[in-house]
Every structure is written in C-alpha cells, then in structure tokens.
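Given the structure is predicted, the values throughout are model-derived calculations rather than measurements. The first residue of the sequence shown is numbered 1, and numbering continues consecutively from there.
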Amino acid sequence: MERKIVKMGNSFGSTYPAEILNHLHAKQGDHISFEPQPDGTVIIKKQSKVQLPKGIDPGLLEIVTDVMDQYNEAIKELAKK
C-alpha cells in the first residue's frame with residue numbers, strides 16, 4: 001500500500017488505508033505513535049490509553065511495553081508451559 005505525502009498548512013500529512021486502520025483497531029480521534037528503527041523502517045502503533053493507579057510513573061508503562069515487545073516470543077513460549 002502506498003500513499004502520497006501532501007502539504008497541510010505548515011505541515012505535511014497523508015491518509016491511512018482502511019485496511020491498516022482496521023489492523024490497528026484505530027478510529028478517528030485515536031493517537032498513533034511512530035517509532036523510527038535503525039534500519040530506516042518505522043513501526044506504527046495505536047496508542048492505548050491507560051489509567052494508571054496513583055503513584056505509578058507513566059514511564060514504567062513504557063518500560064514494561066518495551067520488555068513485552070522485546071521478549072514477546074519467549075513470553076508466549078513460557079505461557080504454554
């Protein structure tokens with residue numbers, strides 16, 4: 001799937017194919033994050049809104065998410081045992 005980048009005021013933008021939005025379970029108003037990778041690719045994710053308990057640093061959620069992403073396959077294998 002390809003899209004053209006267009007000028008939008010002082011910024012640039014593009015549309016998302018419906019198939020991609022469906023895959024992300026994203027809809028109008030949702031926030032999307034872009035994670036540049038060293039190899040030149042970009043990971044696109046729908047941001048999830050989570051209400052953290054009082055006293056929990058939002059940075060902790062980022063760390064946990066990174067660990068889960070990094071060790072996803074190992075965690076799945078452990079869950080089978």
Side-chain angles (χ1 to χ4, degrees):
M1 292 174 238
E2 295 181 6
R3 289 292 189 263
K4 183 177 183 179
I5 297 174
V6 296
K7 184 97 167 123
M8 299 176 143
N10 292 329
S11 301
F12 294 94
S14 182
T15 60
Y16 295 95
E19 296 89 352
I20 297 298
L21 294 177
N22 290 336
H23 179 75
L24 294 171
H25 304 289
K27 61 187 181 313
Q28 183 175 345
D30 287 343
H31 291 259
I32 303 295
S33 69
F34 300 88
E35 299 176 13
Q37 301 299 299
D39 66 357
T41 61
V42 177
I43 296 174
I44 300 173
K45 293 181 179 180
K46 175 184 168 188
Q47 291 291 312
S48 57
K49 296 188 180 203
V50 176
Q51 287 287 78
L52 296 175
K54 184 178 176 182
I56 301 295
D57 186 327
L60 175 65
L61 186 59
E62 290 180 31
I63 293 168
V64 170
T65 300
D66 289 344
V67 168
M68 294 293 289
D69 288 344
Q70 183 176 357
Y71 296 105
N72 188 39
E73 290 305 315
I75 292 168
K76 284 180 184 178
E77 289 301 314
L78 287 170
K80 292 178 186 177
K81 298 183 186 249

Undergrad: Over all heavy atoms of both residues, which pair between Arg3 and Pro17 is shortest? Give the atoms and the distance, please.
TA: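 Taking Arg3 first and Pro17 second, the nearest heavy atoms are NH2-CA, 3.2 Å.
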Undergrad: Which atom pair, heavy atoms only, marks the closest approach of Gly13 to Met8?
TA: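 Of all heavy-atom pairs spanning Gly13 and Met8, the closest is CA-SD, 3.5 Å.
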Undergrad: Is atom CG of Leu78 surrounded by more than 12 heavy atoms (other residues, nucleotides or ligands) closer than 6.0 Å?
TA: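 It does: Leu78 CG has more than 12 such atoms within range.
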Undergrad: Going from NZ on Lys27 to NZ on Lys46, what distance comes out if it is rounded to the nearest 0.5 angstrom?
TA: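 Those atoms lie 5.0 Å apart.
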Undergrad: Donor-acceptor pairs under 3.5 angstrom involving side-chain atoms of residues 65-77: please list them, not counting sequence neighbours.
TA:
| residue | atom | partner | partner atom | Å |
| --- | --- | --- | --- | --- |
| Thr65 | OG1 | Leu61 | O | 2.8 |
| Asp69 | OD2 | Lys45 | NZ | 2.5 |
| Glu77 | OE2 | Lys80 | NZ | 3.2 |

Undergrad: From Asp30 CG over to Gln28 CD, what is the distance, rounded to the nearest 0.5 angstrom?
TA: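 The distance works out to 9.5 Å.
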Undergrad: Please indicate whether Asp39 has more than 12 foreign heavy atoms, meaning atoms of other residues, nucleotides or ligands, lying under 6.0 Å from its CG.
TA: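 Atom CG in Asp39 is packed in, count exceeds 12.
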Undergrad: Within a 6.0 Å radius of atom CD on Gln47, are there more than 12 heavy atoms belonging to other residues, nucleotides or ligands?
TA: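 Correct, the count exceeds 12.
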Undergrad: Other than Leu21, which residues form its hydrophobic cluster under the rule that side-chain heavy atoms must be closer than 4.5 Å?
TA: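 Same cluster as Leu21: Met1, Tyr16, Ile20, Leu24, Ile32, Phe34, Val42, Ile44.
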